[in-house]
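A short worksheet on the structure shown next.
Heavy-atom basis, side chains included; hydrogens, waters and symmetry copies ignored. This is a predicted model, so every value here is computed, not measured. To find a chain, count down the sequence lines: A is the first, B the second, and so on, and within it residues start at 1.
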Protein chains: 2
Amino acid sequence: MARPREFEYETALQGAMDIFWQQGYRATNLPDLLQAMGLTRGSFYQAFGDKEATYLQALDFYDACVVSKTVDMLNQCNADDATACLLPLFQPNGKEARGCFICNAMVELGSENRRAAEKANAMAGRLRAAILGVLTRCGEGRGERSPSDTADLMLHLYFGKQAMGKAGGSSNDWEARLRSLL
Amino acid sequence: MARPREFEYETALQGAMDIFWQQGYRATNLPDLLQAMGLTRGSFYQAFGDKEATYLQALDFYDACVVSKTVDMLNQCNADDATACLLPLFQPNGKEARGCFICNAMVELGSENRRAAEKANAMAGRLRAAILGVLTRCGEGRGERSPSDTADLMLHLYFGKQAMGKAGGSSNDWEARLRSLL
DNA sequence: ACAGTTTAGAACCATTCAGTACAAAACAAG
DNA sequence: CTTGTTTTGTACTGAATGGTTCTAAACTGT
């Protein structure tokens, strides 16, 4: 019994995720954010609260979409070659400039916004668990190093690549390197 | 034949480095910056130009102080145990919240400020070269992996740890992990 | 048709932003 | 002491910031 909203919540949220992902939290001002979301101020503040709340929701949306997709990919991966399963995490995709939203959030807000840090850590934990799953399914426990340690190495390499990639300073040929440590 | 300045340039620059390192570029406003540098606006704009120029100079100062110190440490390290030489790079120092200025600059400005990205990449290159020096001096070329690839792995692990550490989500016991891949 | 809600969009708000202008102060050279 | 030059700190500026308010429109249930 009221006027229906003219925008789709998820579409707007995806726009928020895109712009925050690409520009970061502080570098995204309200006009940027509103344009990316396709909203005007009235609708935005009523539906999303404020900029910070929207950023936190964008992190959740990243979790639900991007992280979940990556986790699925890892879970469905062929269980005979860990290198081949994990290599996609290190493959250039042409979007290095925006990096990884988790990594961006950790670096920009990790030390000052506890909730953002918690969300980022939770997503990193999901990635780590999926990597660990690949390693155990591929029988990577045989060497001297525990699969858990190997998963930590992989996760840190991944975030290192995402961070360095934003400045264009990360190398590209990861297959040999990954294979050498699996 | 003029009034001498009352502040020391290097001291002020170190203050700028500290605050930019801790808070990042955008999150540091001019009052923050001026207080950290111990200057008022007049002196600041005359001596340092503007905020961006000061940030770039702060990166250079980080290179000249922090990076150089780390590189020296690696260069002077005992040439018989690569793990022991590189472990300090991964040791907690109680200042995880500020992370690594190089990593912070890469993630915050790498994709939008070419000069900041170049400086960050140059510093990362210096770290990589020093790591590579440790590896070759310690005879790490024997395995199947080239020292160059191992240096890249180490560098990416380092930046990954710095990024994750800002959100408090990086694990701590690196000795076994490093030893397992050297 | 009407009443009751919620939307959308623009006008508006105080605050903060980076940067400038300027006048007083502090020195050195003569 | 005077002159010339630079530093310093305050006052100021216009633009941009995130956020609020208000009006009119759009819709639903009765």
Side-chain angles (χ1 to χ4, degrees), chain A residues 1-61 104-105 108-109 112-116, chain B residues 1-61 104-105 108-109 112-116:
Chain A
M1 57 182 180
R3 174 178 178 178
R5 57 170 49 142
E6 296 177 3
F7 65 91
E8 286 180 36
Y9 193 90
E10 273 214 349
T11 307
L13 189 51
Q14 170 160 359
M17 177 189 73
D18 285 336
I19 196 73
F20 279 135
W21 185 359
Q22 182 175 6
Q23 300 191 349
Y25 179 73
R26 312 235 183 220
T28 302
N29 57 20
L30 222 39
D32 285 347
L33 182 57
L34 296 173
Q35 183 182 0
M37 299 178 79
L39 303 180
T40 55
R41 284 169 136 81
S43 315
F44 169 76
Y45 277 104
Q46 169 146 7
F48 290 90
D50 63 4
K51 187 183 168 186
E52 185 191 350
T54 308
Y55 184 84
L56 295 173
Q57 282 190 70
L59 282 178
D60 288 335
F61 193 75
N104 298 352
E108 185 181 4
L109 299 172
E112 71 173 286
N113 187 317
R114 221 189 72 238
R115 298 170 62 192
Chain B
M1 56 179 181
R3 176 177 177 178
R5 58 172 46 144
E6 295 177 3
F7 65 93
E8 285 180 36
Y9 192 91
E10 273 214 349
T11 307
L13 188 51
Q14 169 159 0
M17 178 188 72
D18 285 337
I19 196 74
F20 279 135
W21 184 359
Q22 182 174 8
Q23 301 190 349
Y25 180 73
R26 311 234 186 223
T28 302
N29 58 18
L30 221 40
D32 287 346
L33 183 57
L34 295 174
Q35 183 181 3
M37 299 178 79
L39 302 181
T40 56
R41 283 171 137 78
S43 314
F44 168 76
Y45 277 104
Q46 170 151 4
F48 289 91
D50 63 3
K51 189 182 168 187
E52 184 191 350
T54 308
Y55 184 84
L56 295 173
Q57 280 190 73
L59 282 178
D60 288 335
F61 194 74
N104 298 352
E108 185 182 4
L109 299 172
E112 71 174 289
N113 187 318
R114 222 188 72 235
R115 297 168 62 191

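- Listed by chain and residue number, Y9(B) satisfy the ring pair (Phe, Tyr, Trp, His ring centres under 6.0 Å) test with F48(B) (two or more places apart in sequence, or in another chain).
- Here E6(B) pairs with R3(B) under the side-chain hydrogen bond (donor to acceptor under 3.5 Å, both in side chains) rule; sequence neighbours left out.
- For Q14(A), there are no side-chain hydrogen bond (donor to acceptor under 3.5 Å, both in side chains) partners at least two apart in sequence or on another chain.
- Legend: residues meeting salt bridge (Lys or Arg N to Asp or Glu O under 4.0 Å) with R114(B), ordered by chain and number and at least two apart, are E118(B).
- Residues forming a side-chain hydrogen bond (donor to acceptor under 3.5 Å, both in side chains) with Q22(B) (at least two apart in sequence, or on another chain): none.
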Quick one: side chains of residues 35-42 of chain B, donor-acceptor pairs under 3.5 Å with protein atoms, not counting sequence neighbours, listed by atom name and distance.
none

For nucleotides 24-28 of chain C, give me every protein contact, N/O to N/O, under 3.5 Å, one pair per line with atom names.
residue: dA25(C); atom: N3; partner: R3(B); partner atom: NH1; Å: 3.1
residue: dA26(C); atom: O4'; partner: R3(B); partner atom: NE; Å: 3.3

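- Pairs of residues two or more places apart, or lying in two chains, that qualify as side-chain hydrogen bond (donor to acceptor under 3.5 Å, both in side chains) and include a residue from residues 43-55 of chain A are E52(A)-N113(A).
- For DNA chain D, none of the residues of residues 8-18 of chain A falls under the heavy-atom distance limit of 4.0 Å.
- Evaluation of the salt bridge (Lys or Arg N to Asp or Glu O under 4.0 Å) test over residues 24-33 of chain A, restricted to residues two or more places apart or in two chains, returns R26(A)-E112(A).
- Residue contacts shown for T28(A) are limited to sugar-phosphate atoms, with no base heavy atom under 4.0 Å away.
- Atom-to-atom, CZ of R26(A) to C1' of dA18(C) comes out at 16 Å; the value is rounded to the nearest Å.
- N29(B) is linked by a side-chain hydrogen bond (donor to acceptor under 3.5 Å, both in side chains) to nothing, counting only residues two or more places apart in sequence or in another chain.
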Atom pairs, protein N/O to nucleotides 19-21 of chain C N/O, distance under 3.5 Å:
residue: dG19(C); atom: OP2; partner: Y45(B); partner atom: OH; Å: 3.4
residue: dG19(C); atom: OP2; partner: K51(B); partner atom: N; Å: 3.3
residue: dG19(C); atom: N7; partner: R41(B); partner atom: NE; Å: 3.3
residue: dG19(C); atom: N7; partner: R41(B); partner atom: NH2; Å: 3.4
residue: dG19(C); atom: O6; partner: R41(B); partner atom: NE; Å: 2.5
residue: dG19(C); atom: O6; partner: R41(B); partner atom: NH2; Å: 3.3

